[in-house]
Amino acid sequence: MSVRVRFAPSPTGFVHIGSLRTALYNYLFAKHHGGTNILRIEDTDRTRFVEGAEEEIISTCRWAGIEFDESTEKGGKCGPYRQSERTEIYRQHATILLENGNAYYAFDTSEELDKMRERQQAAGIAPKYDRSIMRNQYTLGDEETKRMLDEGAEFCIRLKVPLSSEIAFNDMIRGHVSFSSRDVDDQILMKSDGFPTYHLANVVDDRLMEITHVIRGEEWLPSTPKHILLYSAFGWDAPQFAHLPLLLNEDRSKMSKRKGDVFVYQFREKGFFPETLVNFVALLGWNPTADREMFTMQEMIDSFTLEKVNKAGAVFDYKKLEWMQSEYMKKTDPDKFVYMVRNSLNEKGISEVSDDYIKKVIILLRERVQFPTQIASFGDYMFELPKGYDEEFKNKVWTEKAASAIPMVIEILRNADEFTQPALHAKVQEFLTENKLGFKDIMNPLRLLITGKSVGAGMFETMEVLGKDATLQRIDTIFQSITGAK
RNA sequence: GCACCGUUCGUCUAGCGGUUAGGACACCGCCCUUUCACGGCGGCAGCACGGGUUCGAUUCCCGUACGGUGUACCA
């Protein structure tokens with residue numbers, strides 16, 4: 001049987017970084033096995049629905065390089081893939097359970113339920129629907145139940161959980177897991193608004209969509225017995241389950257928006273490459289070899305196995321993410337992000353720059369910045385005349401030695417006919433040797449004159465990229481302002 | 001409270017009965033050097049605890065502690 005997995009988010013807002021990892025693992029698993037990756041939108045909670053959230057999910061996954069074979073967008077043989085469009089299916093299935101005695105009608109109001117829980121907590125017992133005393137099909141009797149239904153009373157449908165039995169399954173990540181049905185609540189299957197709860201919809205859809213492996217977050221582990229019970233109530237075999245470890249805050253609590261960035265778009269806006277985020281997040285809880293950190297999507301697909309997924313939650317280490325971004329900054333083909341640099345240049349009102357030139361600047365400065373967006377500010381002098389210079393740096397490097405040697409160096413540059421790194425280096429070296437000077441004596445002053453800053457790439461490389469005219473223009477401008485100010 | 005899951009350097013992890021417990025990030029030194037980076041070299045630092053099983057436990061089993069998740073007509 002071929003592998004079929006699904007990523008089943010609910011459209012309640014932005015995509016969480018943990019959801020991204022779940023989506024990724026599903027994708028990697030599907031691709032590794034040559035199977036099918038499905039996107040299903042779980043929008044059965046009308047009160048939490050957020051307009052545009054579904055589109056955000058799709059575009060975020062696309063950005064990350066996660067593709068779906070079947071989805072709301074693409075369709076597929078098991079559609080529709082939006083649960084709100086499948087309510088009739090759930091209703092029919094609830095009826096099956098009602099008829100075979102595995103589900104029942106209940107009429108309690110939320111106030112009554114709250115009271116029940118309060119009583120139970122006061123008595124020190126676990127809150128759980130008590131079907132022997134609440135208002136439902138069993139306590140009311142079939143006749144009364146029918147009468148109320150005919151009258152149009154509000155009702156919900158609950159799962160009839162066996163009083164005492166063992167519910168066990170084999171989790172692909174955790175191994176044997178078992179629960180006692182005593183601790184399982186008579187879960188509501190159909191809400192009074194006619195929509196199913198997650199539990200019913202999830203089980204019915206996974207079955208109907210022929211899902212073979214349910215790969216989801218660990219927060220679902222405690223409700224898995226309900227799902228197992230549902231499968232058997234329908235007389236179905238359950239799929240394989242794999243419960244992923246959680247992504248944690250620094251304090252080891254479940255990663256939440258209260259403590260920093262947790263939404264994918266936030267990382268995207270900061271300038272992280274999708275490759276960085278995907279690579280990083282993949283390694284939070286999974287590790288194929290441990291002797292390397294950088295993986296392409298294809299390499300991850302090739303080596304992904306659920307057996308290698310960890311059991312314990314992983315703290316999201318922002319520092320390491322940044323390191324990885326720097327690595328990608330250094331190895332990613334500049335062609336892929338020239339446009340990002342151009343965007344930030346446009347924001348500064350600079351538009352007359354060629355792609356080719358931007359690429360050269362990227363290569364010149366990529367080791368010194370983390371994001372493409374920083375190129376335009378870190379290397380502003382590459383695109384426009386410096387507006388001033390670093391005063392502190394000037395005081396430090398503008399020595400008497402420098403002041404007397406620099407005019408001669410400038411002349412050398414002015415007369416240079418080959419304005420390349422090796423040629424300039426040779427010429428200047430010659431001058432230094434003749435005058436018993438070292439690079440130390442003039443390079444920083446030169447840097448000051450050309451960039452106005454104390455940090456940057458090698459000066460000869462910088463000059464080569466800048467070109468003779470732009471270099472001399474900068475030198476003249478700042479030289480004047482320095483000597484004039486003196 | 002109850003149920004379940006988990007526990008190797010600060011963090012991500014390798015390890016699947018015998019290892020000087022390995023790697024990466026971070027941190028600290030040193031080197032390279034025209035600045036800053038990059039890079040190179042080195043250092044710091046870990047098997048939660050207690051019982052078993054075994055010739056031998058980080059590794060297997062049982063407790064304890066600690067942590068997390070769940071406990072909704074949310075997903």
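Here the structure is a predicted model, which means the values were calculated and not measured. Chain naming here is simple, since letters A, B, ... match the order of the sequence lines and numbering starts at 1 in each.
- In this structure, the CG atom of A/Asp183 is 12 Å from the P atom of B/C5, given to the nearest Å.
- Contacts of A/Glu293 with the nucleic acid, taken as non-hydrogen atoms under 4.0 Å apart, include base atoms.
- Between the side chain of A/Asp43 and the backbone N or O of A/Pro11 there is no donor-acceptor pair closer than 3.5 Å.
- Contact annotation for A/Arg182: no contact, since no heavy-atom pair falls under 4.0 Å across all strands.
- A salt bridge is defined here as a Lys NZ or Arg NE, NH1 or NH2 lying under 4.0 Å from an Asp or Glu carboxylate O, and A/Glu367 with A/Lys330 fails to meet this definition.
- Taking atom C1' on both B/A37 and B/C4, the two are 49 Å apart, rounded to the nearest angstrom.
- Comparing B/C30 with B/U13, their P atoms sit 33 Å apart, to the nearest whole Å.
- Pairing for B/C32 is absent, with no Watson-Crick or G-U wobble pair whose two atom distances lie under 3.5 Å.
- A/Ala457 comes within 4.0 angstrom of a base, heavy atoms only.
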What does the list of N/O pairs under 3.5 Å between the protein and nucleotides 45-47 of chain B look like, with a distance for each?
none

Side chains of residues 152-171 of chain A: which donor-acceptor partners sit under 3.5 Å, not counting sequence neighbours?
from     : atom 1 : to       : atom 2 : distance (Å)
A/Arg158 : NH1    : A/Asp186 : O      : 2.8
A/Ser164 : OG     : A/Arg182 : NH1    : 3.0
A/Glu166 : OE2    : A/Ser178 : OG     : 3.1
A/Asn170 : OD1    : A/His176 : N      : 3.4
A/Asp171 : OD1    : A/Ile173 : N      : 2.8
A/Asp171 : OD1    : A/Arg174 : N      : 3.0
A/Asp171 : OD1    : A/His243 : N      : 3.4
A/Asp171 : OD2    : A/His243 : N      : 3.2
A/Asp171 : OD2    : A/His243 : ND1    : 2.7

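- Both distances falling under 3.5 Å, in either a Watson-Crick or a G-U wobble arrangement, occur for no nucleotide opposite B/U58.
- Taking every heavy atom of residues 438-448 of chain A and every atom of RNA chain B, pairs under 4.0 Å involve A/Phe439, A/Lys440, A/Met443, A/Asn444, A/Arg447, by number.
- If you check every strand for non-hydrogen atoms under 4.0 Å, A/Thr44 touches sugar and phosphate atoms only.
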For nucleotides 64-69 of chain B, give me every protein contact, N/O to N/O, under 3.5 Å, one pair per line with atom names.
from  : atom 1 : to       : atom 2 : distance (Å)
B/U69 : OP1    : A/Lys254 : N      : 3.0

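- Heavy atoms of A/Gly458 sit under 4.0 angstrom from at least one base atom.
- Nucleotides B/G43 and B/C25 place their C1' atoms 16 Å apart, quoted to the nearest Å.
- Remark: the A/Asp261 side chain and the A/Tyr318 side chain contain no N/O donor-acceptor pair separated by less than 3.5 Å.
- Here, B/U58 and B/U19 have their P atoms 10 Å apart, quoted to the whole Å.
- Ion pair A/Glu411/A/Arg414 flagged as a salt bridge, since at least one NZ, NE, NH1 or NH2 atom sits closer than 4.0 Å to an Asp/Glu carboxylate oxygen.
- Of the nucleotides present, none pairs with B/U20 by Watson-Crick or G-U wobble criteria with both distances under 3.5 Å.
- Remark: the separation of the P atoms in B/A57 and B/A21 is 15 Å, to the nearest Å.
- Remark: B/U71 base-pairs with B/G1; criterion is Watson-Crick or G-U wobble with both hydrogen-bond distances under 3.5 Å.
- As judged by a 4.0 angstrom heavy-atom cut-off over every strand, A/Phe179 is placed among residues touching the sugar-phosphate backbone only.
- When heavy atoms are screened at a 4.0 angstrom cut-off, A/Phe460 is found touching base atoms of the nucleic acid.
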Distances for protein N or O near nucleotides 7-10 of chain B N or O, under 3.5 Å:
none

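- Base-pair partner of B/U7: B/A65 (Watson-Crick or G-U wobble, both distances under 3.5 Å).
- A residue-by-residue look at A/Arg174 and A/Phe316 shows that A/Arg174 has its nearest nucleotide of RNA chain B further toward the 5' end.
- Separating the CE atom in A/Met190 from the OH atom in A/Tyr105 is a distance of 10.0 Å, to the nearest 0.5 Å.
- Heavy atoms of A/Lys128 sit nowhere under 4.0 angstrom from any nucleic acid atom.
- If you check the side chains of A/Asp205 and A/Tyr81, you find no donor sitting under 3.5 Å from an acceptor.
- Put simply, the side chain of A/Gln121 never gets that close to the backbone of A/Glu118: no donor and acceptor are under 3.5 Å apart.
- The two atoms that bring A/Pro372 and A/Val341 nearest to each other are O-CG2, 3.7 Å, heavy atoms only.
- The neighbour count for A/Glu88 CD, taken as heavy atoms of other residues, nucleotides or ligands under 6.0 Å away, is above 12.
- Nucleic acid contact class of A/Val177 (heavy atoms, under 4.0 Å, all strands): sugar-phosphate only.
- Across every strand in view, B/C38 sits unpaired, with no contact that passes the Watson-Crick or G-U test at under 3.5 angstrom.
- With hydrogens and angles disregarded, a donor-acceptor distance shorter than 3.5 Å links the side chain of A/Ser326 to the backbone of A/Glu322.
- No more than 12 heavy atoms of other residues, nucleotides or ligands sit less than 6.0 Å from atom CD of A/Glu250.
- Contact annotation: side chain of A/Lys320 to base of B/A26, donor-acceptor pair absent below 3.5 Å.
- Residue A/Arg292 is classed as having no contact, given no heavy-atom separation below 4.0 Å to the nucleic acid.
- Nucleic acid contact for A/Ser454: base, since at least one base atom lies under 4.0 Å from a heavy atom of the residue.
- Annotation: B/C47 and B/U59 have their P atoms spaced 12 Å apart (nearest Å).
- When ring centroids are compared, A/Phe280 and A/Trp323 stay outside the 6.0 Å threshold.
- Across all strands shown, A/Ser180 has no heavy atoms under 4.0 Å from either base or sugar-phosphate atoms.
- Between A/Phe273 and A/Phe337, the distance from one ring center to the other falls under 6.0 angstrom.
- Here the separation of B/A45 from B/U53, taken at their P atoms, is 34 Å to the nearest Å.
- For A/His425 and A/Phe439, the gap between ring centers is short of 6.0 Å.
- Using atom C1' as the reference point in both B/G6 and B/U64, the two lie 15 Å apart (nearest Å).
- Remark: A/Ile188, A/Lys191, A/Ser192 in residues 185-192 of chain A come within less than 4.0 Å of RNA chain B through at least one heavy atom.
- The side chain of A/Val315 has B/U11 as its nearest neighbour among B/C5, B/C38, B/U11.
- Residue contacts shown for A/Lys308 are limited to sugar-phosphate atoms, with no base heavy atom under 4.0 Å away.
- Taking the six-membered ring wherever Trp is involved, the centroid distance between the rings of A/Phe272 and A/Tyr265 does not fall below 6.0 Å.
- Looking only at atom types and distance, the side chain of A/Glu464 has no donor-acceptor partner in the side chain of A/Thr420 under 3.5 Å away.
- Counting heavy atoms of neighbouring residues, nucleotides and ligands inside a 6.0 Å radius, atom CD of A/Glu391 exceeds 12 of them.
- Contact of A/Arg368 with B/C36 (side chain to base): a donor-acceptor pair of N or O atoms is detected under 3.5 Å.
- Across every strand in view, B/C47 sits unpaired, with no contact that passes the Watson-Crick or G-U test at under 3.5 angstrom.
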